[in-house]
Amino acid sequence: MNATAIVPVKRFGAAKRRLADAIDRRDRPRLLAAMLEDALNAIGRATCVERVILVTGEKRAERVAMQAAQRLRTPIEVLREPADHGHSEAATLGVVRAIALGARCAVLLPADCPLLDAGELDAALGRAVDGRVGVIPDRHGTGTNGLVLAPPDAIGPAFGEGSCARHLELAASRGLRGEADELPSLALDLDTPDDLAALRAAVAAEPDRAPRTAAVLAEL
């Protein structure tokens, strides 16, 4: 099933504060922009993604998206969210916009998963059917790194600690088919120094998986 991809992006200055001891605050925006660029490139290569909606109040993220739009065939729209209320709230704004554009399916994706593989994303969207909620867990199995929703408002996004089980419970409470979708390339997001070490190791071994992220990490 074709889907609209929704990518919420927090303001760079307020993001990734748990990495303060690992990456200088002046360098974090460079890394965040690089990860977003790699993620958008992967999303744009997925054949089942019909459009991308970036929800952000961050001007640098908007510039990354507009530059990506010039390279990619997939249309990219920026939905400005200056209040920066939070990930779930930004995702909900994206869902509302996707429905207004006639989307039958939405996939909510993070900006800090630069290892995302387009083929894996297409496979996940290939499992989408009306009334199904696909929950993509993080590498710990407790958080949510992605949601495949058909229809886009099947459940309200409720990210945060323990959200994998919470999203499955929300689907069940609505009589929907909720299933965990394992996407190895989407399992690693960047929140902690341990995540940073894992990301460094991954891009050092295979820099072509996330070339912009690999280049910035090599410079830091």
Subject >> L186 CG to R139 CZ distance, which is reported to the nearest 0.5 Å >> reply: 13.0 Å

Original post:
Roughly how far, to the nearest 0.5 Å, is CD of Q70 from CD1 of I76?
Top reply: 10.0 Å

**OP:** Following the transitive rule for hydrophobic clusters with a side-chain heavy-atom cut-off under 4.5 Å over Ile, Leu, Val, Met, Phe, Trp and Tyr, establish whether L109 and L72 coincide in one cluster.
**Re:** yes

Original post:
Under 4.5 Å between any side-chain heavy atoms of L93 and I53, yes or no?
Top reply: no

Original post:
Is any side-chain heavy atom of L199 less than 4.5 Å from a side-chain heavy atom of L115?
Top reply: yes

**OP:** Decide yes or no on salt bridge (charged side-chain N to carboxylate O under 4.0 Å, His left out) for R174 and D153, but give the supporting numbers first.
**Re:** CA-CA 11 Å; R174 291 197 170 191; D153 58 353; over 6 Å; no

Original post:
Residues two or more places apart in sequence or in another chain: which of them pass side chain to side chain donor-acceptor pair (under 3.5 Å) with E81?
Top reply: none

Original post:
Can you tell me if R11 uses its side chain to pair, donor with acceptor, with the backbone of P82 under 3.5 Å?
Top reply: yes

Original post:
Does the side chain of T142 come within less than 4.5 Å of E161's, by heavy atoms?
Top reply: no

Original post:
Would you call V64 and R60 a side-chain contact if the rule is heavy atoms closer than 4.5 Å?
Top reply: no

Original post:
Less than 4.5 Å apart, any side-chain heavy atom of L101 and any of E77?
Top reply: yes

**OP:** Kindly compute the distance separating CG (N2) from CZ (R51), expressed to the nearest 0.5 Å.
**Re:** 9.5 Å

Original post:
What distance do E120 atom CD and S185 atom OG have between them, rounded to the nearest 0.5 Å?
Top reply: 3.5 Å

Original post:
Considering all heavy atoms of both residues, which atom of A128 and which atom of V148 are nearest to each other, and what is their separation?
Top reply: CB-CG1, 3.9 Å

**OP:** Would you please test V135 and L147 for side chain to side chain contact (heavy atoms under 4.5 Å, CB included) and show each step?
**Re:** CA-CA 5 Å; V135 182; L147 283 173; 3.9 Å; yes

Subject >> Atom CZ of R166 with >12 non-hydrogen neighbours under 6.0 angstrom >> reply: yes

Pair up each side-chain donor or acceptor in residues 202-220 with any protein partner under 3.5 Å, not counting sequence neighbours, and list the distances.
| from | atom 1 | to | atom 2 | distance (Å) |
| --- | --- | --- | --- | --- |
| R212 | NE | E37 | OE1 | 3.4 |
| T213 | OG1 | D38 | OD2 | 2.7 |
| E219 | OE1 | R30 | NH2 | 2.2 |

Original post:
For the side chain of D84 and the backbone of G57, is there at least one donor-acceptor N/O pair under 3.5 Å apart?
Top reply: no

**OP:** With side chain to side chain contact (heavy atoms under 4.5 Å, CB included) as the test, would you mind laying out the steps for H167 and F159 before giving the verdict?
**Re:** CA-CA 8 Å; H167 285 131; F159 294 98; 4.1 Å; yes

**OP:** Determine the minimum heavy-atom distance between D189 and C113, stating which atoms define it.
**Re:** CB-SG, 3.6 Å

Original post:
Side chains of D195 and D112: does their closest heavy-atom pair fall under 4.5 Å?
Top reply: no

Original post:
Between L170 and G156, what is the shortest heavy-atom contact and its length?
Top reply: CD1-O, 3.7 Å

Original post:
Got L32 and E58 here, is their nearest side-chain heavy-atom distance under 4.5 Å?
Top reply: no

Original post:
With the 4.5 Å side-chain cut-off for hydrophobic clustering, are I99 and L176 part of the same group?
Top reply: yes

**OP:** Measure the CZ-OG1 distance between R73 and T47 for me, rounded to the nearest 0.5 Å.
**Re:** 11.5 Å

Subject >> Any residue meeting salt bridge (charged side-chain N to carboxylate O under 4.0 Å, His left out) with R63, in chain and number order, not counting sequence neighbours >> reply: none

Original post:
Are L183 and L168 connected in the hydrophobic side-chain network, where two residues link if heavy atoms are under 4.5 Å apart?
Top reply: no

Original post:
Got a sec: does the CZ of R80 have more than 12 other heavy atoms crowding it under 6.0 Å?
Top reply: no

Original post:
Quick one: OG1 on T92 to NE2 on H87, what's the gap to the nearest 0.5 Å?
Top reply: 10.0 Å

**OP:** List the atom of A39, the atom of L116, and the distance in Å for their closest heavy-atom pair.
**Re:** O-CD2, 4.4 Å

Subject >> Chi angles and distances behind the side chain to side chain contact (heavy atoms under 4.5 Å, CB included) call for I43, T74 >> reply: CA-CA 9 Å; I43 296 167; T74 307; 5.9 Å; no

Original post:
Closest approach of A91 and L108, non-hydrogen atoms and distance?
Top reply: CB-CD1, 3.9 Å

Subject >> Polar side-chain atom of N145 near backbone of I136 as donor-acceptor pair, under 3.5 Å >> reply: no

Original post:
Where do I6 and A98 come nearest, in terms of heavy atoms and distance?
Top reply: CD1-CB, 4.3 Å

Original post:
Does V95 belong to the same Ile/Leu/Val/Met/Phe/Trp/Tyr cluster as V9, with side-chain heavy atoms less than 4.5 Å apart forming each link?
Top reply: no

Subject >> D191 side chain near D138 side chain, heavy-atom distance below 4.5 Å >> reply: no

**OP:** Please check if L149 and L121 belong to a single hydrophobic cluster, counting links between Ile, Leu, Val, Met, Phe, Trp and Tyr side chain heavy atoms closer than 4.5 Å.
**Re:** no

Original post:
Counting only N and O atoms by type, is there a donor-acceptor contact under 3.5 Å from the side chain of T144 to the main-chain atoms of C164?
Top reply: yes

